[in-house]
Amino acid sequence: MNAKPLLTLCFTLTILFLQAQNANFIDYSEEAGIDNSGKNYGVAFGDYNNDGMEDIYISRHTLPNLLYKAIGDGQFIDVAEQAGVAFSGNTTVSTWGDIDNDGDLDLYLGNRIETNVLYLNNGNGTFTDITEAAGVNSGHSTRAVLFGDIDQDSYIDLYVANMNAPNYLYHNNGDGTFTNIVEEANAQDFGVAMGSLFFDYDNDGDLDLYLTHDANQPNILYRNEGDGTFSNTSAFSGANIAAQGMGVDFGDINNDGQLDLYITNLYSNELLLNNGDGTFDLVTETANVGDMGMGWGTVWLDCDNDGKHDIYMSNDSYFTPFANILYQNNGDGSFTNISEGSVLESMYGGYGVAAADVNRDGLIDLFQANSGTNDHNQLFLNQSQNQNHWIKLKLKGTESNAAAIGARVTIHSNGTMQVDEVCAGSGYASQNSFLLHFGLAGQEVVDLIEIRWPNGLEESYENITADQAYTLVEGEGILSDTEDNTPLFTGIELYPVPARKEQSINLSFTLQHPDNVSVEITNAAGQIIHHHLLGKLSIGQHQFNFQLKDPKPGVYFCRLSGQDHFRTMQVILH
């Protein structure tokens, strides 16, 4: 047998395989409407208006902060001013959390110069500043903001990490006020605080606390003792890395059910492997994830739905000329840089980065906040072409805090296990989606879902179909959100756009299967100003005309809805 053709074939297949592993993302920033420039520091995902889509809050210095309301199809509109959250100052970090358990997300801002701000969600698309009344108006240079129920009393508490100033642990009193208990809880820190985390590293059911530091000050790991106090286990655990720490996030590198830590630094980043006995091993070198740039934001995600946690990290490429990196998990304890030559490298002044499925296609996307004067923020849409399956889980607490912050989910599929937790505040100055996303590789069914709620209740569900989003309500069961990817509406046309306020607007579309259809018009603040039920329509083309009553010039949104599908279009009136 001639070996040369065989070797050539093997070499060719190897090259094709390597090419198939390259990151497949596009920069969708301009199309999404989020490509503003300025000193952008942090990004926080949260569905503040409960419409099922991920909204985004951007923390900025010297310019008003931004609230990007999702309008569908991966597009956004800034409604910060109308919503009352366009704080103009020097905000570094923001985090969403439901402080009063009323079912909508409230917002806390950590500022560099000004006092911090707590916004209460009014439930109608607007917010009220309750900072002073709540007692959380600390005034130091804040670098991290975390929500979590540290004492399992059903109300989320607030940890504020400051730079060269005392940190605060605000206990939620359940009446709209907070009390600083940082000393009583033994969770003090007076160092150069940077990215921080609430997470359950020892899997005992309560939230522990990890604090990173700049200036070669050792990081701190506080173990929650279950009685509202913490003990410093930094030295014993081996998590007391001393470097120029910036950001931190957790993930499970080897699917053993233990949460590991990735920490960005100036110079070598670090990966801590959780041994499951209260200790960590430093495995940066063997894992091949020790980027030497000026690292800031970081996030664990499954970029290709293969059931393994990958890592994305951002660099300030002006401080050191290193690009952002997406490390793909090889499944053997090592990672490969697959972002070379892709848009993910982003040689900007990268700071905060967060992950969510913004266009609801079952693939995790990335939002990068950039701080250079002429840099724009970037939305990287995931375009992975593999056929891997996935499942998304939204958790709602009833006895536990309403946003289920701190809940742990373990899924089992075909002999493999994955674990994740609902987290509010991670990376650097950022927050990932509250929805937990699991890649399933080739598995079409999840054998078992186990949930441990923040208050300790444990529930499980068997034989759950993949490629859907589900809502899990504590003590009440699991509901399918029926998020299939088959479009109900095609061939949509809306004209004239822009229109004069006295003009009638024509909407035409093709319906792919019979459904009850309605049309809703909202203003930029999310208030409904027109609603019309078209009723049960048949397959085929349909047309509808409408005219707004006494409209003001500006931007409006037309939402075309069926039972389980919708599309949103922008309407501009002169």
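The model shown is predicted, which means the values in this text are computed figures rather than measured ones.
- There is a side-chain donor-acceptor pair under 3.5 Å between Gln378 and Asn370.
- Between the side chains of Thr336 and Asn330, at least one donor N or O lies within less than 3.5 Å of an accepting N or O.
- The aromatic rings of Phe367 and Phe45 stand perpendicular to each other, their planes meeting at an angle above 60°, with 30° marking the opposite boundary.
- Results of the side chain to side chain contact (heavy atoms under 4.5 Å, CB included) test with Leu381 over Asp27, Val358, Leu366 single out Val358 as the only residue that passes.
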His309 and Leu301: side-chain contact (heavy atoms from CB on, under 4.5 Å), yes or no, with the steps? CA-CA 5 Å; His309 278 156; Leu301 72 157; over 6 Å; no
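- Between the side chain of Ser237 and the main chain of Gly278, no donor-acceptor pair closer than 3.5 Å is present.
- With hydrogens and angles ignored, the 3.5 Å screen pairs no side-chain donor or acceptor of Thr131 with any backbone N or O of Tyr119.
- Contact of the Leu436 side chain with the Val422 side chain is registered, since non-hydrogen atoms from C-beta on lie closer than 4.5 Å.
- In terms of heavy atoms, Tyr28 sits closest to Asp73 at OH-O, 3.8 Å.
- Taking each heavy atom of Pro64 and Ala86 in turn, the nearest pair found is CB-O, 4.0 Å.
- Checking Asn324, Thr320, Thr264, Asp291 one by one against Asn315, the side chain to side chain donor-acceptor pair (under 3.5 Å) holds for a single residue, Asp291.
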Go through Tyr57 and Asn65 one step at a time and tell me if the side-chain hydrogen bond (donor to acceptor under 3.5 Å, both in side chains) criterion holds. CA-CA 7 Å; Tyr57 194 80; Asn65 296 339; 3.1 Å; yes
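- Of the N and O atoms on the side chains of Gln368 and Ser346, not one donor lies less than 3.5 Å from an acceptor on the other residue.
- For the side chain to side chain contact (heavy atoms under 4.5 Å, CB included) with Thr91, the lone residue among Ile113, Ile58, Leu109 that qualifies is Leu109.
- In terms of heavy atoms, Cys423 sits closest to Phe198 at SG-O, 4.0 Å.
- For the ring pair (Phe, Tyr, Trp, His ring centres under 6.0 Å) condition, the pairs that include at least one residue of residues 316-354, sequence neighbours left out, are Tyr41-Tyr351, Trp296-Tyr351, Tyr348-His376.
- Distance alone, capped at 3.5 Å, places no donor-acceptor pair between the Asn377 side chain and the Asp35 backbone.
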Which donor-acceptor pairs under 3.5 Å do side chains of residues 157-164 form with protein atoms, sequence neighbours excluded?
| from | atom 1 | to | atom 2 | distance (Å) |
| --- | --- | --- | --- | --- |
| Asp157 | OD1 | Asn172 | N | 2.8 |
| Asp157 | OD2 | Ile150 | N | 3.0 |
| Tyr159 | OH | Asn167 | ND2 | 3.1 |
| Tyr159 | OH | Ala187 | O | 2.8 |
| Asn162 | OD1 | Thr142 | OG1 | 2.7 |
| Asn162 | ND2 | Pro166 | O | 2.7 |

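- Only one option out of Asn305, Asp302, Asp357 pairs with His437 in a side chain to side chain donor-acceptor pair (under 3.5 Å); it is Asn305.
- Sorted by first and then second residue, the ring pair (Phe, Tyr, Trp, His ring centres under 6.0 Å) pairs with a member in residues 245-271 read Phe199-Phe250; sequence neighbours excluded.
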Assess the residue pair Leu221 and Ser234 against the criterion (side-chain contact (heavy atoms from CB on, under 4.5 Å)); give the C-alpha distance rounded to whole Å, side-chain angles, the decisive distance to 0.1 Å, and a yes or no. CA-CA 5 Å; Leu221 178 61; Ser234 308; 4.3 Å; yes
Going through the distances and angles, do His61 and Asn90 end up as a side-chain contact (heavy atoms from CB on, under 4.5 Å)? CA-CA 4 Å; His61 286 188; Asn90 293 271; 3.7 Å; yes
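- Asp252 and Gln258 share no donor-acceptor pair across their side chains, judged by distance under 3.5 Å alone.
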Verdict with reasoning, Ser339 to Glu345, per side-chain hydrogen bond (donor to acceptor under 3.5 Å, both in side chains): CA-CA 6 Å; Ser339 50; Glu345 288 195 304; 5.2 Å; no
Give the intermediate values and the outcome of side-chain contact (heavy atoms from CB on, under 4.5 Å) for residues Asp249 and Ile311. CA-CA 9 Å; Asp249 196 17; Ile311 302 172; over 6 Å; no
